[in-house]
There are 2 protein chains.
Amino acid sequence: MKTKKFLLPEREIPTHWYNVVADMQNKPQRMINPGTKEPLKPEDLFPLFAEELSRQEFNETDRWIEIPEEVRDKYKIYRPSPLVRAYSLEKALDTPAHIYFKNESVSPVGSHKLNSALPQVYYNKIDGTTNLTTETGAGQWGTALAFAGKAFGLEIAVYMVKISYEQKPYRRSLMQTWGAQVIASPSMSTKSGRKVLTERPTYQGSLGTAISEAIELAMQTPNCKYALGSVLNHVSLHQTIIGLEAEKQMEMAGEYPDIVIGCFGGGSNFSGISFPFLRHVIKGDKKTRFIAAEPASCPKLTRGTFKYDFGDEAGFTPLIPMYTLGHNFSPANIHAGGLRYHGAGSIVSQLKKDNFIEAIDIPQLETFEAGVLFAQTEGIIPAPESTHAIASAIREAKMAKEEGIQKVILFNLSGHGLVDMSAYDQYLAGDLKNYEISTLEIEKYLQD
Amino acid sequence: MKTKKFLLPEREIPTHWYNVVADMQNKPQRMINPGTKEPLKPEDLFPLFAEELSRQEFNETDRWIEIPEEVRDKYKIYRPSPLVRAYSLEKALDTPAHIYFKNESVSPVGSHKLNSALPQVYYNKIDGTTNLTTETGAGQWGTALAFAGKAFGLEIAVYMVKISYEQKPYRRSLMQTWGAQVIASPSMSTKSGRKVLTERPTYQGSLGTAISEAIELAMQTPNCKYALGSVLNHVSLHQTIIGLEAEKQMEMAGEYPDIVIGCFGGGSNFSGISFPFLRHVIKGDKKTRFIAAEPASCPKLTRGTFKYDFGDEAGFTPLIPMYTLGHNFSPANIHAGGLRYHGAGSIVSQLKKDNFIEAIDIPQLETFEAGVLFAQTEGIIPAPESTHAIASAIREAKMAKEEGIQKVILFNLSGHGLVDMSAYDQYLAGDLKNYEISTLEIEKYLQD
């Protein structure tokens, strides 16, 4: 049996993130101010985001952006993450394909989200910001920001969608243990929260309301800004550390991926594993395929429309050019909470439009079947989100078997599922189901 | 800032476990058959344990025991585990001490237990055993055996104490996801379970009953044996891989520990981190101190008596020479479920008797305070068991500060607490308390 893990030494942690926009011929369209209809500039974001993050958001020229030394030091807590050859999974599938996965579940918060939470807190710190607000649905982003806040000494307030606050107490405890304030949203702490609660006292909350509350608190508190864990360009930028490490590790393995796969919510982990490999395709040196694996119940890339839309349900954000199901889209309550988002970030959307990437949508039951097979062969319980990437890799490996081709497949294991075991419980008990969504229903949301 | 992690390459995974008994001048006394009063021989254990495990249990001569290649291959899933210099914790404590921890939480089951589960399943497999039974309290051992069973293709049945089965559903789901059968104990599947349930239909179970059920099922099922996750000598032997790796990693760090610390339940993780360093003390080359950190509510080493006692509450096991609180001892319901055991393994007990090791007992609140500080500085949520080792390390680091001495402290982080967040929840809400136990009460149990 050959070595399965490919480990980089710490000194090989990348010194720069990769900014794919610099290499794109068709740049992503700019965000638009919904009031003035003018394209946004970095300064427009300064009241809400750290200045350097705002500049990164619009950077179209610098291919490589240096990772601050302070951030690299914190990355060393868990990076470089391992690349693993999934021999046991290959054997179980009896496939000629070689399957590799990048294991981002080794971070102390259990997912890739920390890769962006650390620089976001750092850049806010050097701006003199002392407090940050954010929202969290399933809880992974909130957990990461809580950890990063503690690491750099900033105070973090997380508005957690009330139903998750109650159904996912372990995630809430994690944030609290790292010292963050966690508020069930809607709450009485903001005007927007109070308004919702006055009208609907028993409302269980939504990401839209939580975003409004987090932004309102940030705007009204001195030295306080706001942070977002996906969708935006600067988030994707930070996540490219995943693919940059994976590139070196694939070289250690002596192979190069024919297919790169990530699960898809707003795009941060998919971008992270894909963009560094994509640059060789843009240059014309490689023909790698990139697959974004989204839930069948929230199929923005496979069945949505490319247009300008709001990033949140309430319509407080700028207009973003994106593949979207409509900002009022209400996805089924699947366990992959991190993938229940109506739109795709603007870089990924442009790349999809230009056919650099593919997308597939996968029903919930197939993803859990894949997750259990992965747990039983490779030993790691994957997050419900990550099972979408696994299911896609399994489909490709089966196809490779049918075709008798020895493909090299690389996917990103974005996180572990140790605090999501109730989802596995329900799956094993036969209590989970697939959610169909009709084209008519999608059209209805898009017209709203 | 200096590098914090010391990582060994895979080829440095030890090829042999270290058998400290070979180096001990006063060998541990032998286990005794309670019926015949005769000392046990390896063959006496063959009906219950794999033959090689039974031989390891009594091996007093071989200092190094080879790790089978198949086991080393599975170790590669998560080993070598990192050694980390806890700079942030040192800084928070403002101590001149250098604090290192060995991070066993990186195993897919989240604790060191897999280090023995893998060889136990492997040796059973080569004996032709197809099924294994075990019991689990808090669930960490059951999880590890479930994983190891899946890794080598054996069927695993875990009797889980009923109250844990209900209170720790995530642990149960983990075992089930890895394909194990999990039965709440007492159950109707065994004679001993039925007897208990007939007499006390609402009984919430105990480790004693679960052991009886697991042993009964093993004895009555063809090709089925039994496995235990702590206390026994062969378990400690397998865990020495922790200390052997740590020894090489301390060398990479250019330091040598003055103090080695492990939390203490039956002894497996404490033995694992300690024995390899202890051999240099036995040889007279070093003066390292070894501290076993046990809960104040279950203080077998600090306040128990050295005598022959049963390993289980029901009295089905051989008589074991151990520090014990009496096999009927009923510890308070602390969150560190893995440390709620009445006795210490016979090797550790002999070493304690001969003053090679020290023990301290720590109240529950101090352990959680230490756990939260560790989470906020080093980023990893420790298991409630492991917080005892952290609390002990913090005591020593504070003492080093008072004395102005630059001591080197090494402790074992036996596992993470991600599936124990309800315990942190209760601590942060101020709902946890300390449990006092009077000397009178201890004497009462010892006389039973």
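Chain naming here is simple, since letters A, B, ... match the order of the sequence lines and numbering starts at 1 in each.
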Measure [X] against the heavy atoms of chain B and call it side chain, backbone, both or neither at under 4.5 Å.
X	value
A:Arg79	backbone
A:Arg11	neither
A:Val419	both

Surrounding [atom1] of [X] (heavy atoms of other residues, nucleotides or ligands, distance under 6.0 Å), is the total greater than 12?
X	atom1	result
B:Glu251	CD	no
B:Glu90	CD	yes
B:Glu366	CD	yes
B:Glu255	CD	yes

Any donor-acceptor pair under 3.5 Å linking the side chain of A:Lys5 with the backbone of B:Lys76? yes
Sequence-distant partners of B:Trp178, side chain to side chain donor-acceptor pair (under 3.5 Å), two or more places apart: none
Counting heavy-atom pairs under 4.5 angstrom with chain A, the leader among B:Asp420, B:Val372, B:Leu174 is B:Leu174
Could you tell me which of B:Gly371, B:Ala375, B:Ser107, B:Pro82 has the largest number of non-hydrogen atom pairs under 4.5 Å with chain A? B:Ala375
Using heavy atoms and a sub-4.5 Å threshold, report which of residues 423-433 of chain B line up against chain A, by residue number. B:Tyr424, B:Asp425, B:Leu428
Those residues of residues 140-155 of chain B that come under 4.5 Å of chain A on a heavy-atom basis, listed by number, are B:Phe147, B:Lys150
Heavy-atom closest contact (B:Pro108 atom, A:Gly379 atom, distance): CB-O, 3.1 Å
List the atom of B:Thr177, the atom of A:Gln376, and the distance in Å for their closest heavy-atom pair. O-NE2, 2.8 Å
Which bit of B:Arg172 is near chain A, if near means a heavy-atom gap under 4.5 Å: side chain, backbone, both or neither? side chain
Please verify the inter-ring angle class for B:Tyr170 with A:Tyr170; under 30° counts as parallel, over 60° as perpendicular, anything in between as tilted. tilted
Would you please name every residue forming a side chain to side chain contact (heavy atoms under 4.5 Å, CB included) with A:Pro68, sequence neighbours left out? A:Trp17, A:Glu70, A:Val71, A:Tyr122, A:Tyr123
What's the separation between atom NZ in A:Lys168 and atom CE in B:Met421, rounded to the nearest 0.5 Å? 14.0 Å
